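Encoded as structure tokens, here's the structure I'll be asking about.
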There are 2 protein chains.
Amino acid sequence: MLGGKWSLLVLNQLVGGPLRFGELYRLLPDISEKVLVQELKQLANAELLVRTNHGEVPPRVEYHLTPLGRQALPVLAATAEFGRIYAEHIQAGRPQQSIG
Amino acid sequence: MLGGKWSLLVLNQLVGGPLRFGELYRLLPDISEKVLVQELKQLANAELLVRTNHGEVPPRVEYHLTPLGRQALPVLAATAEFGRIYAEHIQAGRPQQSIG
DNA sequence: ATGCATGCTTACCTGGAGGTGGGTACCGCA
DNA sequence: TGCGGTACCCACCTCCAGGTAAGCATGCAT
């Protein structure tokens with residue numbers, strides 16, 4: 001469920017408060033609209049976030065995290081942390097050529 | 001890198017100590033040989049584990065975690081923890097029909 | 001010669017995540 | 001009449017992780 005390319009990143013954007021579709025779309029530079037719609041739909045379906053349609057014109061729809069959704073954030077945190085450590089490791093490991 | 005279906009599970013099996021190919025293969029009931037070889041190769045390439053070929057006949061090859069590999073385990077832990085919480089949530093959410 | 005066990009390797013195939021490009025319905029504005 | 005902005009939907013395509021099935025090289029036992 002969290003294994004997709006974007007799910008955790010979408011959830012992460014919502015930590016600071018609810019966001020509209022367009023805002024999310026702009027905050028995730030390389031996602032496509034279709035995929036964002038898809039992700040939001042299945043995250044809402046899994047009850048990790050909630051969709052609120054304000055029924056206005058022009059349309060206004062907001063997404064916010066559920067408590068359950070917040071439980072997914074440690075996964076992102078752990079992944080990010082590992083990413084940092086791994087990057088450091090790469091940096092430290094590369095320059096072996098010019099040691100001698 | 002850790003996004004594959006098996007990488008974290010392979011690493012997890014190695015926490016208790018080095019294992020041979022066949023042992024890993026038996027411990028991961030649903031993985032295919034090809035995919036296990038693949039995973040091991042790319043995890044070794046990423047320096048998350050080390051491959052030791054004992055040069056014997058019949059072949060004996062052992063895999064063990066590197067310190068860097070251990071840094072990936074929190075990702076699995078966080079994911080597993082979320083899995084538990086999510087399962088609980090499902091259990092708690094389902095029986096709404098028979099409340100009234 | 002045959003079979004067994006080990007640790008792979010190769011060739012092939014498939015499902016589905018993810019990307020592209022278009023369309024929809026609504027309203028205000030000019 | 002057309003344009004812009006919102007939040008989508010649809011048809012189509014590509015790519016590759018992952019799965020299946022078979023082969024390889026070696027030595028020992030039979």
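Naming: A, B, ... by sequence-line order, numbering from 1 per chain. Fair warning: this is a prediction, and the values are worked out from it, not measured in the lab.
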Could you pull out the closest heavy-atom pair between A:L49 and A:Y63, with the gap in Å? CD1-CD2, 3.9 Å
Return the value, rounded to whole Å, for the distance between atom OH of B:Y25 and atom P of C:dG7. 12 Å
Return the residues of residues 8-21 of chain A meeting this criterion: a heavy atom under 4.0 Å from some atom of DNA chain D. Order them by number, or give none. A:R20, A:F21
When the axes are fitted on five pairs at both termini, how much does the helix from C:dA1-D:dT30 to C:dA30-D:dT1 curve, in 10° steps?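 Helix axis angle between the two ends: 30°.
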Considering all heavy atoms, the nearest B:L48-B:M1 contact: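 Shortest heavy-atom contact: CD1-SD, 3.8 Å.
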Using a 4.5 Å cut-off on heavy atoms from C-beta on, say whether the side chain of B:Q38 contacts that of B:K41. no
Rounded distance in Å - CZ (B:R26) to C1' (C:dG7):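 Taking CZ of B:R26 and C1' of C:dG7, I get 11 Å after rounding.
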I need the CG-P distance between B:L36 and D:dG19, as an integer number of Å. 11 Å
Looking only at heavy atoms, which two atoms of A:L2 and A:A72 are closest? And how far apart?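 Taking A:L2 first and A:A72 second, the nearest heavy atoms are CD1-CB, 4.0 Å.
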Could you say whether A:V57 or A:K41 is positioned toward the 5' end of DNA chain D, judged by the nucleotide with the nearest heavy atom to each? A:V57
Would you call A:E62-A:R60 a salt bridge at under 4.0 Å N-O?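 So A:E62 pairs with A:R60 through a salt bridge.
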Across all chains, not counting sequence neighbours, the side-chain contact (heavy atoms from CB on, under 4.5 Å) partners of A:V15 are A:N12, A:L65, A:R70, A:L73
Between atom CG in A:L24 and atom C1' in D:dA7, what is the gap in whole Å?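 It is 12 Å, rounded to the nearest whole Å.
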To the nearest Å, how far apart are B:H54 NE2 and D:dT26 C1'? 17 Å
Taking any heavy-atom pair under 4.0 Å as a contact, classify B:V61: base, sugar-phosphate, or nothing.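 It contacts sugar-phosphate atoms only.
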Mind listing the closest non-hydrogen atom pair of A:H54 and A:T52 along with its distance? CD2-O, 3.4 Å
Find the distance A:R60:CZ to D:dA7:P and express it as a whole number of Å. 9 Å
Would you name the heavy atoms of A:A78 and B:A78 that are closest together and state the gap between them?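 That closest heavy-atom pairing would be CB-CB, 4.1 Å.
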What residues from residues 43-52 of chain A pass a heavy-atom cutoff of under 4.0 Å to DNA chain C?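 Heavy-atom contacts with DNA chain C come from no residue of residues 43-52 of chain A; none.
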Is any side-chain nitrogen or oxygen of A:Y63 closer than 4.0 Å to OP1 or OP2 of D:dC8? yes
Nucleotide by nucleotide, 5' to 3', does protein get under 4.0 Å of the base (B), only the sugar-phosphate (S), or neither (-) in nucleotides 15-25 of chain C, counting heavy atoms? ---BBB-----
Can you give each donor-acceptor pair under 3.5 Å made by side-chain atoms of residues 23-37 of chain B, sequence neighbours left out, with the distance rounded to 0.1 Å?
from	atom 1	to	atom 2	distance (Å)
B:E23	OE1	B:R20	N	2.7
B:S32	OG	B:V35	N	3.3

